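Please read the structure below before turning to the comments.
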2 protein chains.
Amino acid sequence: MLKAERHQHILNEVSIRSRIQLSDIAESLGVSIDTIRRDVKELDDKNKLKKVHGGALSLGYNVFPFSNSEVFNKEMKAHIAQKAIGLIKENAVILMSGGTTNLELARLLPTNLDITVFTPSLPIAMQLLAHPKADVILIGGKISKNAQLAIGAQVVQELSNIKADLCFLGTGYLDLEHGLTEFDYEVVQVKKAMIQSARRTVSLCISEKLNSVQRFKTCDIQDIDVLITELPPEADMLMPYKSFNVNLI
Amino acid sequence: MLKAERHQHILNEVSIRSRIQLSDIAESLGVSIDTIRRDVKELDDKNKLKKVHGGALSLGYNVFPFSNSEVFNKEMKAHIAQKAIGLIKENAVILMSGGTTNLELARLLPTNLDITVFTPSLPIAMQLLAHPKADVILIGGKISKNAQLAIGAQVVQELSNIKADLCFLGTGYLDLEHGLTEFDYEVVQVKKAMIQSARRTVSLCISEKLNSVQRFKTCDIQDIDVLITELPPEADMLMPYKSFNVNLI
DNA sequence: ACATATTGTGCAAGATATTGCAGTTTTTTG
DNA sequence: CAAAAAACTGCAATATCTTGCACAATATGT
C-alpha cells in the first residue's frame with residue numbers, strides 16, 4: 001500500500017468518524033503503528049487534522065451539519081446504531097430516513113459492507129460519501145430545512161418505485177396508543193412512503209422518546225417490525241411494546 | 001510497445017483502480033521501471049493523474065475535496081462568487097452545479113434574496129439550508145462520491161422538466177480550442193443537461209484553470225453566455241475569449 | 001539516401017525515502 | 001506514585017528516486 005493511499009484513508013476515516021485511534025488504523029491497514037504515527041504527524045504538519053495523544057481529531061469546520069457536540073445522547077444513539085448494524089446483510093438494499101440516530105448509524109457502518117442505500121436525507125447522503133463500498137441514491141425533491149431532507153409528492157412518487165430489504169426509520173416520537181408521530185406533516189408523508197417501500201421496517205428510538213406524542217401520525221406500532229432502543233430487550237419499560245408483535249432489540 | 005500505448009494503459013489502469021504502483025505496471029508491460037516513472041511524470045505534468053512516491057493516484061480520488069483547508073484559492077473564488085451574485089434577480093429560478101466556486105457563491109448569497117435553486121450537488125444544498133428565503137430543490141439520483149453530486153439518467157431526465165433563468169456552472173477546465181472539459185464523464189452529462197435547462201449559462205472559473213484541458217467535453221465556449229473570472233474583464237489573458245461572443249465579467 | 005538532430009529506453013551509482021524494530025522517555029490514568 | 005499506553009529516537013533493511021550516460025529508434029533536413 002502506498003503512503004499516499006494511507007494518507008487518504010486516514011483523512012477519510014477522520015472525516016467520517018471525526019476521530020481516529022492510531023492503533024485501529026494501524027491494524028486495519030496492516031502496517032506498524034509507527035508508520036501510522038508518522039503519517040498522522042505529516043498530515044498534522046499539513047494542517048489536515050489535529051494529532052493528539054493516541055490518535056487524531058478532525059479539524060472542526062467539517063461539512064456535517066451536526067457537529068459532535070450538538071448531538072444529544074450521542075453515546076446512546078451510537079449504541080442503538082451498533083445494534084442496528086447487525087441487521088444489515090451483504091448486498092442489502094436499504095432505505096434510511098433522517099435524524100441523528102440514523103446519522104450515527106451511517107457513521108458507524110462498516111466500510112467493507114457492500115450495500116445500496118436510498119435516502120432523502122442530506123446529512124445521511126453526505127455521511128455515506130465516505131463509504132467507498134456503499135452505493136448511495138439520493139431521493140430528490142424540495143428540501144425541508146428543518147428536517148434536512150427532501151419532502152413532497154416527488155419523493156413519495158420516487159419511493160413507490162422501490163422495494164428495499166430494510167428501512168431504518170429514525171423515529172421522532174413513539175407511544176403505545178398513538179404509535180409513531182412527528183412534528184412535521186410533510187415528513188410524515190415521506191416516512192409513510194418509506195415504510196411502504198421496504199419489506200421490513202426498523203425503528204431506532206432512544207428510550208427518552210418512548211411514550212411521547214407529537215401532532216402527526218406516521219404509523220401504528222404494529223406497522224414496524226423491529227424496535228431498537230438502547231435498553232436491553234428485557235427492560236421493564238419495553239414490556240408493554242411486546243404485545244404489538246414487534247421485535248425488540 | 002509505443003509510448004502512447006503505455007500512457008493509455010496507465011491512464012486506464014488508474015481510472016479503473018484509482019491507484020497504481022510503478023513496479024506493477026513495469027512488470028505487466030515488460031518495460032523498465034524507469035520508463036514507467038518517466039511516463040507517469042509526464043502524465044502528471046499534463047494533469048492526468050497524481051504521481052506519488054511509488055505509484056500514482058487518480059485525480060478524482062479525493063474523497064472530501066470540500067472539507068477543511070482543501071479549498072484552494074478561497075479568496076479568489078469568493079471574489080468570483082461576489083461578481084456572480086450581481087446577476088441574480090429577485091424571484092429568479094437558478095440552477096447550480098457543484099464545485100467549490102459555486103459553493104462559495106451559495107455561501108455568499110444575500111439572505112434577503114427570494115430565489116428558487118435547483119441543484120444536484122450535496123454540498124450546495126447543505127449550504128443553502130442556512131438560507132431562509134431560498135427554496136431549494138435537490139435533483140436526486142445516484143451520488144458520485146468524487147463530485148459529490150447526483151449523476152445519471154434520472155438527473156438528466158429531471159432537468160429536462162426545468163427551464164431556469166440562470167445556470168451557474170462551476171467549471172473544471174476551460175480552453176479556447178476545447179471549450180469546457182471535465183475529469184468525469186458522468187458529470188459532463190449532468191452539466192450538459194443543465195445548460196439545456198437554463199436560459200443563460202454563467203461559467204465561474206478561476207484564471208488558473210483557463211487554457212487547461214481534461215478528458216471529457218461539456219460544451220464549447222460559445223455555449224456559455226457569461227464568463228466570470230477573478231481578473232478584470234480587460235485583462236490580456238481574457239482577450240482571446242472575447243471573440244466567442246461571451247460576456248466577460 | 002545520407003548524415004545529423006531528437007527522442008526514447010535501459011542501466012548503474014549514489015542520494016532519498018520508507019518502514020519496522022528495539023530501547024528509552026514521556027504522558028495518561030487509576 | 002506506579003503501571004500501562006503512547007511517543008520519541010536511532011538504526012538497519014528495503015524500496016524508490018535522481019542523474020548521467022550509452023545506445024537504439026525515430027525524425028529531419030539536404
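Note that the coordinates shown come from a computational prediction; the quantities given were computed from them, not determined experimentally. So you know, we letter chains A, B, ... as the sequences are listed, proteins then strands, and number each from 1.
- B:Ile33 has its CD1 atom 17 Å from the P atom of C:dA17, to the nearest Å.
- At whole-Å resolution of the value, CD in A:Gln21 and P in C:dT28 are 15 Å apart.
- Within the 4.0 Å cut-off from OP1 or OP2 of C:dG10, at least one side-chain nitrogen or oxygen of B:Thr35 is found.
- Annotation: side chain of A:Arg6 is in contact with side chain of A:Thr35 (closest heavy-atom distance under 4.5 Å).
- The interatomic distance linking A:Met1 (CE) with C:dA17 (P) rounds to 22 Å, in whole Å.
- Look at A:Lys3 and you won't find any side-chain N or O under 4.0 angstrom from OP1 or OP2 of D:dA15.
- Distance CD1 (A:Ile20) to P (D:dA6): 13 Å, rounded to an integer number of Å.
- Between the P atom of C:dC21 and the CZ atom of A:Arg38 lies a distance of 11 Å, rounded to the nearest Å.
- Between B:His53 and B:Val31, the one whose closest nucleotide on DNA chain C sits nearer the 5' end is B:Val31.
- Across all non-hydrogen atoms, the minimal contact from B:Ile80 to B:Ile206 is CD1-CG2, 3.5 Å.
- Comparing atom distances between the A:Asp34 side chain and each of C:dG10, D:dA7, C:dC21 picks out C:dC21 as nearest.
- Summarising the geometry, the separation between CD1 on A:Ile36 and C1' on D:dA6 is reported as 15 Å, rounded to the nearest angstrom.
- Within the 4.5 Å cutoff, side-chain heavy atoms of A:Ile85 are placed close to those of A:Gln82.
- Using a 4.0 Å heavy-atom criterion, one finds that B:Val52 contacts the sugar-phosphate atoms exclusively.
- Among the atoms of the strands shown, only primed sugar atoms or phosphate atoms (P, OP1, OP2) are found under 4.0 Å from some heavy atom of A:Leu22.
- OP1 or OP2 of C:dT9 sits under 4.0 Å from a side-chain N or O of B:Arg6.
- Without hydrogens or angle criteria, B:Ser97 side chain to B:Gly170 main chain gives a donor-acceptor distance under 3.5 Å.
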Requested in this report: Please report the C-alpha distance between A:Thr229 and A:Leu227 in whole Å, then the side-chain angles of each, then the deciding distance to 0.1 Å, and finally whether the side chain to side chain contact (heavy atoms under 4.5 Å, CB included) criterion is met.
Outcome: CA-CA 7 Å; A:Thr229 65; A:Leu227 171 60; 4.2 Å; yes
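- In this entry the distance linking CZ of A:Arg37 with P of C:dC21 reads 13 Å, nearest Å.
- Nucleic acid contact for B:Lys51: sugar-phosphate only, since backbone atoms but no base atoms lie under 4.0 Å from a heavy atom of the residue.
- Put simply, CD on B:Glu42 is 11 Å from C1' on C:dT7, counting in whole angstrom units.
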